[in-house]
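Here's the structure we're looking at; comments come further down.
Remember, predicted model here, so these are calculated numbers, not experimental data.
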Amino acid sequence: MRTSQFFFTTLKEAPADAEVISQKLMLRAGLIKRAAAGIYTWMPLGLKVLRKVENIIREEMNRAGALELLMPAVQPAELWQESGRWEQYGPELLRFKDRHQRDFVIGPTHEEVITDVVRRDVKSYRQLPLHLYQIQTKFRDEIRPRFGVMRGREFLMKDGYSFHTSFEDLQREYANMYATYSRIFTRLGLRFRAVAADTGSIGGTGSHEFHVLADSGEDAIAFCPDSDYAANVELAEGVTPANPRANASQTLNKVPTPGKTACADVAELLGLPLTRTVKAIAIVNEEEARKRFSLLLLRGDHELNEIKASKVTGLSPFRFATESEIVEYLGCKPGYIGPVGVNAGKVRVVADRIVAAMSDFVCGANEEGFHLTGANFGRDLPEPEVADLRNVVAGDASPDGKGTLELCRGIEVGHIFQLRRKYAEALQCCYLDEQGKNQVMEMGCYGIGVTRIVGAAIEQGNDERGIVFPKAIAPFEVCIVPMGYFKSEAVKATTDRLYADLKSAGVDVVLDDRNERPGVMFADMELIGVPHRLVVGERGLAAGEIEYKSRTAAEPVMIAQDDVLAFVQTQLAA
RNA sequence: CGGGGUGUAGCUCAGUCCGGUAGAGUGUCUGCUUUGGGAGCAGAAAGUCGCACGUUCGAAUCGUGUCACCCCGACCA
């Protein structure tokens, strides 16, 4: 490709509302243009990158035995009504009517359609297992789209669905996909980690997420440097402390703490570490007109994990109590509430595992302006119900017992699920087994955020000059920047020959023939992240040499003219 | 959904408080010079001041409404 024939739309300055580095660089490099909130045009340059990502995914999926198909982006409401998600999904599902006033959605995901396809045409165990996937545009009407293509509303996704006659076969395919995903992200040149994950609203049993490691990531990951353990913080288990609870050594004492409603303020006032305090979070579970009020106890420095709390029997679905409900059940305003002296018949108390092992702790006194010190379970209040309720923090013991946890942040780019029979049952996706009996299929589903990968790769690869793309997905592999292309016959001749040679060797090369000043060409090629650069100039040619510089190297090197082709090929293969 | 902010040239932003002929930088175009790190000089084109209504002799500026975009929050005591 010659730059004069291409469409470059680089910018010196990024639009003011760009937040994260990948978004700024993608806009500056002219990879994408914003059309509306969370909706982007992929310019020719950006599309080249996107296609490279897509093709690696496609190659590896095909190699793993999956079959590509393409389902409609627009889906009839009937399928969603049948699965029940027409009601469940909420405003994130973009709905519209056609000219006949029939309801449709723009697909945020394709479980319904794929299950419909398979149930119509798969009738026998002989046709299974089957793994179908597509690379399709999805639309999710996010509350707050942000970070450019990282959380867009419209995005490209690879979604695959597998169908099996047994759970064992589903597990085999799940392992196959785990390996395939690892290969894909390795080929893409990303630093990533597979982590155990919550299955969320999609449901099912086993689940792993693949995260690209980056500080700007929206997810927190807990991992153990001394073992293979890694899990999303949403899921990572907070283990029961190894040491038993210490004996009570203090008496229960009510102390005035006017205006101190947060644990940190109370601890500071009393001159105690935050780890000696216990906070009580009031929640309400309302089902079929029966309201149940509960207090969740966490150590002052810990955070509630709502996903874990909602897994405690009888708590889900819950919401945080209103101020008036807190006054009604505890007789006290928020800020001073605690588990001591509550009416056990009306208020359920669930303590985090860490709290259950605490003694002589500080908590609210259920009286405005007062807290209690020296509180102890079994003496001042009943032994509580115990559950894992908190987000793990760095330094916690690893659940596999092999060291302590560390935390990092990640961008979720892949997610694999063992769906089991949830959708197959709802949509009656069945087959006849060897005995001629009707059986419900076992399903797996496997997603990769194709668009998001481009953003994630840039979050991981950038410097003050712009994007540093991994070689597998850079818009071009090599650029040739001539010095005096329109002035020097020698430079032009050498440049054209080099360009032709690289092209016929199958290299994705770009020749900057824009007649711009050198600084402009260098800056643009660095901004868009081309990994290898060749500079042809009269200086070098006089010595029979051409300059080569890697995007990541500090200094260029001079290569003998005759060796350049071989040298570049070696660099590309590295 | 609640709160806050911003809409002026392709991009970044002044001008709005205090009403009086639309500004800068950058980019774009033309010419000359320059040519190994976003050049210099000269000239030019380019804006329904988000939109509508209102107040006024006169509105980018004041008022009302509306749309778009951005940020924060949505109960962690």
- Between B:C75 atom C1' and A:Y329 atom OH, what is the distance in whole Å? 17 Å
- Message: Applying salt bridge (charged side-chain N to carboxylate O under 4.0 Å, His left out) as the test, list every pair that has at least one member in residues 358-367 of chain A; sequence neighbours left out.
- Response: A:K254-A:E367
- Note on the structure: Applying ring-ring contact (aromatic ring centres under 6.0 Å, His included) to A:Y89 and not counting sequence neighbours gives A:W80
- At their closest point, which heavy atom of A:L45 faces which heavy atom of A:A29, and how far apart are they? CD2-O, 3.5 Å
- Query: When we call it a touch if two heavy atoms are under 4.0 Å apart, what does A:A37 touch: a base, just sugar-phosphate, or nothing?
  - Reply: sugar-phosphate
- Item | Whole-Å gap separating P (B:G10) and CZ (A:F7) | 15 Å
- Same-atom distance (C1') from B:A42 to B:U6, integer angstrom: 38 Å
- Mind calculating the distance between OH (A:Y40) and P (B:C69) to the nearest angstrom? 11 Å
- Applying salt bridge (Lys or Arg N to Asp or Glu O under 4.0 Å), name anything that partners A:R539, two or more places apart in sequence or on another chain. none
- Query: Roughly how far apart, to the nearest Å, are B:A24 and B:U35 at atom C1'?
  - Reply: 29 Å
- Item | Euclidean distance, A:L541 CG relative to A:T494 OG1, rounded to 0.5 Å | 4.5 Å
- Determine the interatomic distance between C1' on B:C51 and the same-named atom on B:C13; round to the nearest Å. 22 Å
- Message: If I take atom CE in residue A:M43 and atom P in nucleotide B:C11, what distance separates them, rounded to the nearest angstrom?
- Response: 13 Å
- Task: Can you tell me the pairing partner of B:C51 across any strand shown, Watson-Crick or G-U wobble, with both distances under 3.5 angstrom?
- Result: B:G65
- In whole angstrom, give me the gap between the C1' atoms of B:G47 and B:G10. 11 Å
- Message: I'd like the P distance from B:G65 over to B:U28, given in whole Å.
- Response: 43 Å
- Item | B:G20 - base-pair partner by Watson-Crick or wobble geometry, distances under 3.5 Å | B:C57
- May I ask you to list the residues of residues 351-388 of chain A, by number, that have any heavy atom positioned under 4.0 Å from an atom of RNA chain B? none
- Is the shortest side-chain N to carboxylate O distance from A:D496 to A:K492 below 4.0 Å? yes
- Item | Atom-pair distance (CD1 on A:I39; P on B:C70), nearest Å | 11 Å
- Query: If we call it a pair only when both distances are under 3.5 Å in a Watson-Crick or G-U wobble match, what pairs with B:G2?
  - Reply: B:C72
- Could you tell me whether A:A282 contacts a base, only the sugar-phosphate backbone, or nothing, with contacts defined as non-hydrogen atoms closer than 4.0 Å? base
- With sugar-phosphate taken as primed atoms, P, OP1 and OP2 and all else as base, the protein-contact string of nucleotides 30-40 of chain B at under 4.0 Å (heavy atoms; B, S, -) is ----BBBBBB-
- Query: In whole Å, what separates the C1' atom of B:U30 from that of B:A46?
  - Reply: 15 Å
- Query: Could you state the interatomic distance from OG (A:S310) to CZ (A:F318), rounded to the nearest 0.5 Å?
  - Reply: 6.0 Å
- Message: Are A:F155 and A:Y40 an aromatic pair, judged by ring center distance below 6.0 Å?
- Response: no
- Query: When rounded to the nearest Å, what value does the distance between P atoms of B:A39 and B:C18 take?
  - Reply: 43 Å
- Message: Roughly how many Å apart are B:A9 and B:A14, using the C1' atom of each and rounding to a whole number?
- Response: 13 Å
- G-U wobble or Watson-Crick pairing nucleotide for B:A9 (cut-off 3.5 Å, both distances): none
- Query: Between B:C75 atom C1' and A:L304 atom CG, what is the distance in whole Å?
  - Reply: 12 Å
- Message: Only pairs with both distances under 3.5 Å count, Watson-Crick or wobble alike; so what is the partner of B:A44 in this structure?
- Response: B:U28
- Message: Distance check, rounded to the nearest 0.5 Å: A:K138 atom NZ versus A:L94 atom CG?
- Response: 14.5 Å
- Task: Identify, with sequence neighbours excluded, every residue that meets side-chain contact (heavy atoms from CB on, under 4.5 Å) alongside A:A457.
- Result: A:L190, A:P470, A:I473
- Query: With both distances kept under 3.5 Å, what pairs with B:U35, Watson-Crick or G-U wobble?
  - Reply: none
- Query: A:E13 has a side chain; which of B:C76, B:C69, B:C11 sits nearest to it?
  - Reply: B:C11
- Nearest-angstrom distance from the residue atom CD of A:E19 to P of B:C69: 14 Å
- Write down the distance between CG (A:L298) and P (B:C75), rounded to a whole number of angstrom. 15 Å
- Message: Please verify the inter-ring angle class for A:F6 with A:F476; under 30° counts as parallel, over 60° as perpendicular, anything in between as tilted.
- Response: perpendicular
